[in-house]
Engineer: 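Take a look at this one; I'll ask things after.
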Amino acid sequence: MSINVVGIGYNNLIKVGTDKDGKMDINKLNEAMEKCKAAGKIPLAVVGTAGTTVRGCFDPMREIAAVCKKNDCWFHIDGAWGGSILFSPKYRHHLDGGDLADSFSWDLHKMMGAPLMCSAFITKNVALLKTICGHSQTAHYLLHQDREDIDLGHRSLQCGRRNDALKGWLCWKEKGDEGFARVVENFIEHADYLESLVREHPRLEMMSSRVFANVNMRYNPTPGKTSADLDLNELNINLRNNLL
Ligand SMILES: *Cc1c(COP(=O)(O)O)cnc(C)c1O
């Protein structure tokens with residue numbers, strides 16, 4: 001949807017395949033780049049995900065950054081869910097190379113528990129947002145040059161909007177880097193514990209490998225037997241609906 005909203009269009013979105021752990025496959029990324037260029041198209045940007053929504057996977061950012069550098073492409077990291085891992089000295093290695101991105105998005109309203117909504121767009125290029133959102137040229141009747149230090153309108157696509165950044169700042173101030181690290185580690189350690197329960201249980205099974213706080217599992221009443229996956233899916237959907 002986002003690709004339509006920004007005007008690039010869904011047909012120009014290229015999905016890159018993943019390996020068995022759900023991480024972006026660098027060979028497939030390289031192939032997609034070559035295919036795109038051979039068709040006379042210009043690859044604009046690569047989006048790596050730090051903490052995919054369902055599996056909680058982290059793409060190999062250092063390798064993606066090298067591909068982007070070689071192809072003169074923007075490198076964005078979608079860290080909406082997993083960006084918070086950077087606070088934890090124990091687990092941040094999963095996001096190795098994250099510092100090589102041109103931009104990074106991070107939702108404090110997810111793992112950090114800030115009230116909806118509280119999303120940060122982070123970029124090293126300080127002038128970028130002002131250049132793109134240059135309302136000061138077109139909306140000179142609204143935004144005055146001499147007030148740009150306090151006027152968020154200069155750096156946002158929207159004009160009137162809530163000061164969501166204040167919630168993020170307060171939440172960070174209250175817990176501090178160490179408090180944020182504890183939140184992340186607590187979630188991951190609860191997930192480790194849940195995974196151990198699933199693995200010990202005779203009729204529960206893990207559906208994918210995991211590193212973050214996502215635990216994908218299902219109920220299988222006939223372990224060892226090869227029941228049709230479709231039946232199991234239906235059974236698990238019914239189970240979930242009954243639980244709800
Ligand atoms: C939740 C999520 C989003 C969307 O985030 P919102 O800011 O809540 O709309 C984007 N990417 C990933 C990986 C997510 O998990």
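Every number for a ligand or one of its atoms is a count from 1 in the order of the listing.
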Engineer: Main chain of H76, side chain of D102: is a donor-acceptor contact present, judged purely on distance under 3.5 Å?
Structural biologist: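 Side chain of D102 to backbone of H76: no pair is present.
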
Engineer: May I ask you to check whether S119 and W106 show a side-chain donor-acceptor distance below 3.5 Å?
Structural biologist: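 Result is no, nothing qualifies.
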
Engineer: Per the ring pair (Phe, Tyr, Trp, His ring centres under 6.0 Å) rule, what does the pair list look like for residues 196-217, sequence neighbours excluded?
Structural biologist: F58-F212, W81-F212

Engineer: Between ligand 1 and the protein, tabulate every N or O atom pair separated by less than 3.5 Å, reporting distance only.
Structural biologist:
unit_1: ligand 1; atom_1: 5 (O); unit_2: D107; atom_2: OD2; d: 3.1
unit_1: ligand 1; atom_1: 7 (O); unit_2: D107; atom_2: OD1; d: 3.3
unit_1: ligand 1; atom_1: 7 (O); unit_2: D107; atom_2: OD2; d: 2.7
unit_1: ligand 1; atom_1: 8 (O); unit_2: D107; atom_2: OD2; d: 3.2
unit_1: ligand 1; atom_1: 8 (O); unit_2: H109; atom_2: NE2; d: 2.9
unit_1: ligand 1; atom_1: 11 (N); unit_2: D78; atom_2: OD1; d: 3.1
unit_1: ligand 1; atom_1: 11 (N); unit_2: D78; atom_2: OD2; d: 2.6
unit_1: ligand 1; atom_1: 15 (O); unit_2: T53; atom_2: OG1; d: 3.0
unit_1: ligand 1; atom_1: 15 (O); unit_2: K110; atom_2: NZ; d: 3.0

Engineer: Assess the side chains of D21 and S209: does a donor N or O sit below 3.5 Å from an acceptor N or O?
Structural biologist: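 On atom types as modelled, these side chains qualify, holding a pair under 3.5 Å.
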
Engineer: Does one side chain, of T49 or D78, offer a donor that lies under 3.5 Å from an acceptor on the other?
Structural biologist: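 Distance-only check fails for T49 and D78.
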
Engineer: Are the charged groups of D192 and R210 less than 4.0 angstrom apart, N to O?
Structural biologist: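 Salt bridge flag = yes for R210 with D192.
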
